[in-house]
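Heads up: the structure comes next, in structure tokens.
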Amino acid sequence: MAAYGAAASLRNTIERILQSSRISLVSHSPQILQPAYDEMDRLQKVLLKLDDTSCSKIRTKVNAVDERIKEAVWEFEDLLESHVLHQILPQLESSIGPLSFFIDLQSLQHHVDCFAMTVKMMKVEYTKEMKNMAEEEGLPISSRIDFGGIKSKMVGFSRYFEKARDYLLQENNYEPYSIIGMAGVGKTTLAKHIFEDPSIRSHFELRAWVKVGRKCESDELLRCILAQVDPNAYQMLTQGDDEELVGLLTDRLKDKKCLIVLDDVWEIQVTNRLTSCLQEKNIVGTIRFLLTSRQHIVYTEDAYERVRLLNEEESKELLGEKVFGEEGFPSQLEKLGEKIAKKCEGLPLMIVTVAELLSKADKTPEYWTVVAYKQHNSLFEDAYNQISEVLFPSYDYLPQHLKMFFLYMGAFPPYVGIIRILINSLLSAEGFLEPTGEDSFVAFSSTYLENLCMWYHLVLNTPDSWLSANRHRVHSCWQHLCKEEASRIKFLHVLQSCDDVIKDQRRLCAHWNSLLCFNQVCDSIKSDCASTVRSLLLYGPYHPYPIPIHAMGFKLLRVLYARNV
């Protein structure tokens, strides 16, 4: 998953060496580096082809090759920068005038040739695994059409509910209505309330609910609908092609009003194929579609709703109802419950998960105080881990060029808004993003940020009501996932204790700057990752005492953010 960002970083490193006004390359050094640069350009084009594959494909083997490519690229980048550094330092120590350095890269010729050959072979392997990706195993029809009932009351969604319901009840509204938003924000719950609303039930003679997911072929979709609108057609559910299934569905839906809910749609082609089949039979006018998606799948600007996070009062109401029922919090736990609900940041899935864990734990002020005020407490960690399975595919199937950007956003402390100009400055210095065409870096990174906000619903911005103007951030549950994934692939590690394993990490981040004052942490950094760290990001609160950064032995550091030290 990190190979694309690694290739971008190496290209950036080579460009800086070739174009620096303070570096004079000796003899044929530029020609020696050029094959590595060209190979990174070709590699990125190969890696981008993964974005054109269906999200129903299993990426396990492709991701394993991606991991090996990333390691090879990082190893060569370390070698290159260390080689340059070892020539710069003696000149730096003896210089008395303007700083300009002579660099000879001829001894790297063999390393460049081997690296280029290694990348070529890995590209072939990556392409092969990409072409041979297995299909995700689809859900059985019984699971897809299992409505499951309404298990949660609708909190804070009344406006969305009324708008969607009214649209579906109006004549001549043929475009599908989309409910979109972050995973876990309550899209399915809202759709269920609409599906079961008395006015909807009386208006539509037939209704069908289909859980689509990442893997759902058109024939499966048709069988799921048929199973609900015509149980007598059960014998056709295991046989018959699309044309036969459409014919059966056409006969059943003729002159009938039908509502079809497509829950958790990942690819717009799914609904397009279904609607085009029905349009050919001239029955689309009798059908209304309601779909939910964690992506920006929208047919018309008048027929969608982007579901927001709950506000603080709504969060408190939902948490209290889930733990204690309709009566809500007892008086001795109300303030603590309000604080716990606030830490969930308005995400219904997070609130419900925390509520389930609280229901099984001690309902005492002492225990709830720990949950409410301790930043890293076991209950919230358990909740984050539980919902990560639901959230992870949103990251896993992001376009290649957005993955490192998103993981980097997750490095910032939870519950803190980030000014856009700071994001742009840091990303510009980091070197793993590349503007294309005539775009400035600010415009380029702003486009990435808008895509993560508005298309993939992974970054919060001002309209989500938990932030002040001109700020962005990642929800705390996503921040946890980003932190875990970034550390796993050694892209970035957020220091949390003196016992953290930080071997070969490329970026270090601290939300508590005082951690770097401990000898154990300094010694661990010096021995385990100082030779590979490119960025040291100290995002914690103001720290009035010196931190011995110089003693940790950073040699290839590019970015130091320490304004609060």
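Everything numeric in this text was worked out from a predicted model, so none of it was measured. Below, all heavy atoms of this structure are taken into account, side chains as well, without hydrogens, waters or symmetry copies.
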Shortest non-hydrogen pair, Tyr456 vs Pro399, comes out as OH-CG, 3.1 Å
* **Short side-chain to backbone donor-acceptor contact, His511 and Ala411, under 3.5 Å** => yes
Taking every heavy atom of Ala7 against every heavy atom of Gln44, the minimum-distance pair comes out as CB-CG, 3.7 Å
*Under 4.0 Å between a Lys/Arg side-chain N and an Asp/Glu carboxylate O for Lys128 and Glu125?*
no
- Given side-chain contact (heavy atoms from CB on, under 4.5 Å), test Ile179 with Ile194 step by step and report yes or no. CA-CA 11 Å; Ile179 299 173; Ile194 295 168; 4.0 Å; yes
Only residue of Tyr448, Phe432, Tyr4 satisfying ring-ring contact (aromatic ring centres under 6.0 Å, His included) with His401 is Tyr448
Less than 3.5 Å apart, which donor and acceptor atoms pair up between the side chains of residues 349-357 and the rest of the protein, not counting sequence neighbours?
from	atom 1	to	atom 2	distance (Å)
Thr353	OG1	Leu349	O	2.7

*asked:* Any salt bridge linking Glu450 with Arg420? Criterion: basic side-chain nitrogen under 4.0 Å from a carboxylate oxygen.
replied: yes
Are Tyr397 and Arg214 close enough that a side-chain donor and a side-chain acceptor fall under 3.5 Å? yes
Which is it for Arg488 and Glu485 under the salt bridge (charged side-chain N to carboxylate O under 4.0 Å, His left out) test, yes or no, and what are the steps along the way?
-> CA-CA 5 Å; Arg488 185 191 68 79; Glu485 179 64 13; 2.9 Å; yes
Rounding to 0.5 Å, atoms CG (Leu226) and CD (Gln228) come to a distance of 10.0 Å
| query | Is the number of heavy atoms from other residues, nucleotides or ligands within 6.0 Å of CD (Glu327) greater than 12? | reply | yes
task = State, without any angle test, whether Asp382 and Tyr384 hold a side-chain donor-acceptor pair at a distance under 3.5 Å.
result = no
Between Arg473 and Met409, does a side-chain contact (heavy atoms from CB on, under 4.5 Å) hold up when you go through it step by step?
CA-CA 7 Å; Arg473 68 174 169 82; Met409 287 285 293; 5.6 Å; no
| request: Apply side-chain contact (heavy atoms from CB on, under 4.5 Å) to the pair Leu460 and Met182, showing each step before the final yes or no. | output: CA-CA 9 Å; Leu460 306 180; Met182 184 188 296; 3.5 Å; yes
Looking only at heavy atoms, the pair that brings Phe380 and Lys343 closest together is CZ-CB, 3.6 Å
**Report entry** Expected output: side-chain His475 to main-chain Cys344 donor-acceptor under 3.5 Å
**Finding:** yes
Worksheet entry | Beyond-backbone contact of Asn272 with Tyr299, side-chain heavy atoms, under 4.5 angstrom | yes
**Q.** Donor-acceptor pair, side chain of Arg288 and main chain of Tyr167, under 3.5 angstrom
**A.** no
Salt bridge (charged side-chain N to carboxylate O under 4.0 Å, His left out) pairs touching residues 55-64, sequence neighbours excluded, are Lys57-Glu135
Here the pair of heavy atoms bringing Lys187 nearest to Ile180 is CD-C, 3.6 Å
Quiz prompt | Under 3.5 Å: donor-acceptor pair, side chain of Glu345, backbone of Ser476 | solution = yes
Point to revise | Test item: Arg144 side-chain N/O and Cys224 main-chain N/O as donor-acceptor pair under 3.5 Å | key: no
Q: Hey, can you tell me if Phe324 and Trp368 have their rings parallel, tilted or perpendicular (30° and 60° cut-offs)?
A: tilted
Kindly assign one of parallel, tilted or perpendicular to the pair Tyr160 and Phe157, based on the angle between their ring planes and the thresholds 30° and 60°. tilted
Decide side-chain contact (heavy atoms from CB on, under 4.5 Å) for Leu407 and Lys403; before the verdict, give the C-alpha distance in whole Å, the side-chain angles of both, and the deciding distance to 0.1 Å. CA-CA 6 Å; Leu407 289 184; Lys403 286 183 175 177; 5.6 Å; no
Review point. Heavy-atom distance under 4.5 Å between the side chains of Ile268 and Thr271, does that happen here?
Key: yes
Margin query: Could you check whether any side-chain heavy atom of Phe405 comes within less than 4.5 Å of a side-chain heavy atom of Ser445, counting everything from C-beta outward?
Written below: yes
Q) For the residue pair Trp455 and His296, does the interplanar ring angle fall in the parallel (under 30°), tilted (30 to 60°) or perpendicular (over 60°) class? A) tilted
* Asked: Between Ser388 (side chain) and Leu481 (backbone), is there a donor-acceptor pair under 3.5 Å?
  -> no
- prompt: Quick one: are Glu381 and His480 in side-chain contact, heavy atoms under 4.5 Å?
  reply: yes
Here the gap from Leu492 atom CG to Ser487 atom OG, rounded to the nearest 0.5 Å, amounts to 8.5 Å
Short question: side chain of Glu267, backbone of Cys55 - any donor-acceptor pair under 3.5 Å?
yes
Do the non-hydrogen side-chain atoms of Lys342 and Tyr415 ever get within less than 4.5 Å of each other?
no
Under 4.0 Å between a side-chain nitrogen and a carboxylate oxygen: does that hold for Lys70 and Asp66?
no
Here the gap from Met133 atom CE to Glu136 atom CD, rounded to the nearest 0.5 Å, amounts to 11.5 Å
- Task: Measure the shortest side-chain to side-chain distance between Lys254 and Thr250 over non-hydrogen atoms and say whether it is less than 4.5 angstrom.
- Result: no
What one should report as the nearest heavy-atom pair of Leu398 and Asp51 is O-OD1, 4.1 Å
_Does Gln170 have more than 12 heavy atoms from other residues, nucleotides or ligands lying within 6.0 Å of its CD?_
yes
When Phe406, Tyr395, Phe392 are each screened for ring-ring contact (aromatic ring centres under 6.0 Å, His included) with Trp478, the one that passes is Phe406
Would you indicate whether the side-chain heavy atoms of Phe195 and Asp263 approach each other to under 4.5 Å? no
**Asked** Between the side chain of Lys215 and the main-chain N/O of Leu139, is any donor-acceptor distance below 3.5 Å?
**Response** no
d(Ile423 CD1, Ser428 OG) to nearest 0.5 Å is 13.5 Å
Between Lys316 and Phe329 the two heavy atoms that sit nearest each other are O-CE1, 3.4 Å
Worksheet item: If we ignore angles and hydrogens, is there a donor and acceptor under 3.5 Å between the side chains of His457 and Arg294?
Response: no
> Are any side-chain N or O atoms of Lys123 and backbone N or O atoms of Leu47, one a donor and one an acceptor, separated by less than 3.5 Å?
Replying inline: no
The reported gap from CD1 in Ile141 to CD1 in Ile225 (rounded to nearest 0.5 angstrom) is 11.0 Å
- Message: Looking at Glu205 and Arg207, is any side-chain nitrogen of the basic one under 4.0 Å from a carboxylate oxygen of the acidic one?
- Response: no
Note to self: Can you confirm whether Lys211 is buried at NZ, in the sense that more than 12 heavy atoms of other residues, nucleotides or ligands lie under 6.0 Å from that atom?
What the structure shows: no
SG of Cys477 to CG of Asn385, rounded to nearest 0.5 Å, is 11.5 Å
Test your reading of the model: is there a side-chain donor-acceptor pair from Thr292 to the backbone of Asp264, 3.5 Å cut-off?
yes
Item to check | Within-4.5 Å side-chain heavy-atom neighbours: Val65 and Arg68 | outcome: yes
